[in-house]
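One structure is given below, encoded as structure tokens.
Note that the structure is a prediction, hence the values are computed from the model and not measured.
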Amino acid sequence: QGVFSRNLCSLATSHGVGKIPLCPEDYLRLRHGAYLNNFLVDIGSLRLLSQADPAILLKVHTCGSQLFLLLSGQRLKSGSITDIQEQQEALPLPERRHKRVAVFLNNTNIISREVVLFPCCEDVQQHWFLVAVLLGSDPRVVVLDSLGGRQDSAANLIKELLEVEHVVRGVQGPAFTVSHVTVPQQPDGLNCGLYVLLYTQRIVANLEEFSARARQDSLTDWFTTSACSGLRTHWSKVIQEMTRQQTTRMPRFPTIQCEPPNQLTDIGTLLNLNLGCFAVSGILMLCFCGVDQNLDLGAHLGDLVEEQRAA
């Protein structure tokens, strides 16, 4: 049943160019003890908005995580074509940064929305947090960090981006205030990506409540830590359902331990131990394959090892 497929499912990007794919390696990151990557966070954020009331789509916009990576220069290599072009144009740095991410902004007038969400992850920290821009009266750039970080650099970059965006669109920009609200904190060092999705879900579910409480810094009791329980299982089911809707040949998904394991013999624990993790992951990858005599087993396992090393 099913054949090996590089991509399980996909969703159209929020900026209207291309799609965000989700592959088997991404799905395996839903196991207990693994960090969510940008594909899971982006797909999750888009899915939450797609399932919301249509009126919400006119009020809320979520930017892909790649926007922040480009904006902050984390993926801009010194001496690259983009870097050389930016230096030659000799524009002020804020305008250079804005131009760098223009593809994310051209098709959507984000300053016409009430709330704009920026999922952020810095390569050095490997920590997810959410920056929410509240427009309208009393405009604010609000940092929501499940480990209590201030993230001043990211907040100021996004504030600067919105200021330039107003100028580009010929609109007089407001004076943004950067605020760091107290939000429910994660009890571990692994679930920051899940908390970004949980923050997004709560914002979409009750936009007015969030906007009012964020401006008053009264989100401490927004939800309890128990709200995060079962979220990995939930998102694994969502991905399976999306895959079922988008394919005519449903692949066999491996059984992964999404929640904290009770014993060391389950698959989730084996994947978290540093005992031949490449081989175990490779075997799980084959669960997505049917019995196919033409499948190049060695090639797929070799590719997986290289990707694990790169990560």
side-chain hydrogen bond (donor to acceptor under 3.5 Å, both in side chains) with [X]: which residues, sequence neighbours excluded?
X: D53; result: none
X: T233; result: E259
X: T62; result: none

Residue pair [X] / [Y]: nearest heavy atoms and the distance that separates them:
X: M242; Y: S10; value: CE-O, 4.3 Å
X: R113; Y: L58; value: CD-O, 3.3 Å
X: R232; Y: L190; value: NH2-O, 3.7 Å
X: T220; Y: P184; value: O-CG, 3.8 Å
X: P139; Y: G136; value: CD-O, 3.5 Å

How far apart are the C-alpha atoms of E163 and K159, what are their side-chain angles, what is the distance that settles it, and do they pass the salt bridge (Lys or Arg N to Asp or Glu O under 4.0 Å) test?
CA-CA 6 Å; E163 291 170 346; K159 173 178 176 289; 2.8 Å; yes
Mind checking whether [X] and [Y] have side chains closer than 4.5 Å, heavy atoms only?
X: L147; Y: Q186; answer: yes
X: V183; Y: F223; answer: no
X: H127; Y: Q151; answer: yes

Is there a continuous path of hydrophobic side-chain contacts, each under 4.5 Å between heavy atoms, that joins [X] to [Y]?
X: L11; Y: V238; value: yes
X: F104; Y: L91; value: no
X: V204; Y: L57; value: yes
X: L197; Y: F39; value: yes
X: V168; Y: L105; value: no

What do the steps show when you test Y199 against F210 for side chain to side chain contact (heavy atoms under 4.5 Å, CB included), and what is the final call?
CA-CA 10 Å; Y199 295 154; F210 167 74; over 6 Å; no
Given the options C63, P119, C120, F68 meets side-chain contact (heavy atoms from CB on, under 4.5 Å) only with C120
Show every salt bridge (Lys or Arg N to Asp or Glu O under 4.0 Å) that has at least one partner inside residues 184-211, sequence neighbours left out.
E209-R213
Looking only at atom types and distance, does a side-chain atom of [X] sit under 3.5 Å from a main-chain N or O of [Y], one as donor and one as acceptor?
X: R215; Y: D138; result: yes
X: R29; Y: L36; result: no
X: R140; Y: T177; result: no
X: T247; Y: T243; result: no
X: W128; Y: V41; result: no
X: R31; Y: Q257; result: no
X: R97; Y: L70; result: no

Steps toward side chain to side chain contact (heavy atoms under 4.5 Å, CB included) verdict (S14, H61)
CA-CA 8 Å; S14 59; H61 179 78; 3.7 Å; yes
Distance-only donor-acceptor check, side chains D145 and H180, under 3.5 Å
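Their side chains do not contain a donor-acceptor pair, so the 3.5 Å distance test is not met.
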If only side-chain N and O atoms count, and only distance matters, is there a donor-acceptor pair under 3.5 Å linking Y195 with Q185?
no
Give the C-alpha distance, both sets of side-chain angles, the deciding distance and a yes or no for side chain to side chain contact (heavy atoms under 4.5 Å, CB included) between L194 and W235.
CA-CA 10 Å; L194 287 175; W235 283 108; 4.2 Å; yes
Nearest-0.5 Å distance that lies between atom [atom1] in [X] and atom [atom2] in [Y]:
X: C258; Y: H234; atom1: SG; atom2: NE2; answer: 11.5 Å
X: Q245; Y: M250; atom1: CD; atom2: CE; answer: 10.0 Å
X: H166; Y: L161; atom1: NE2; atom2: CG; answer: 10.5 Å
X: N191; Y: S146; atom1: CG; atom2: OG; answer: 8.5 Å
X: L8; Y: Y27; atom1: CG; atom2: OH; answer: 9.0 Å
X: L28; Y: S236; atom1: CG; atom2: OG; answer: 11.5 Å

Return the set of residues passing ring-ring contact (aromatic ring centres under 6.0 Å, His included) with Y35 (not counting sequence neighbours), or none when no residue passes.
none
With sequence neighbours excluded, give me every side chain to side chain donor-acceptor pair (under 3.5 Å) pair touching residues 36-48.
D26-N37, D42-S65
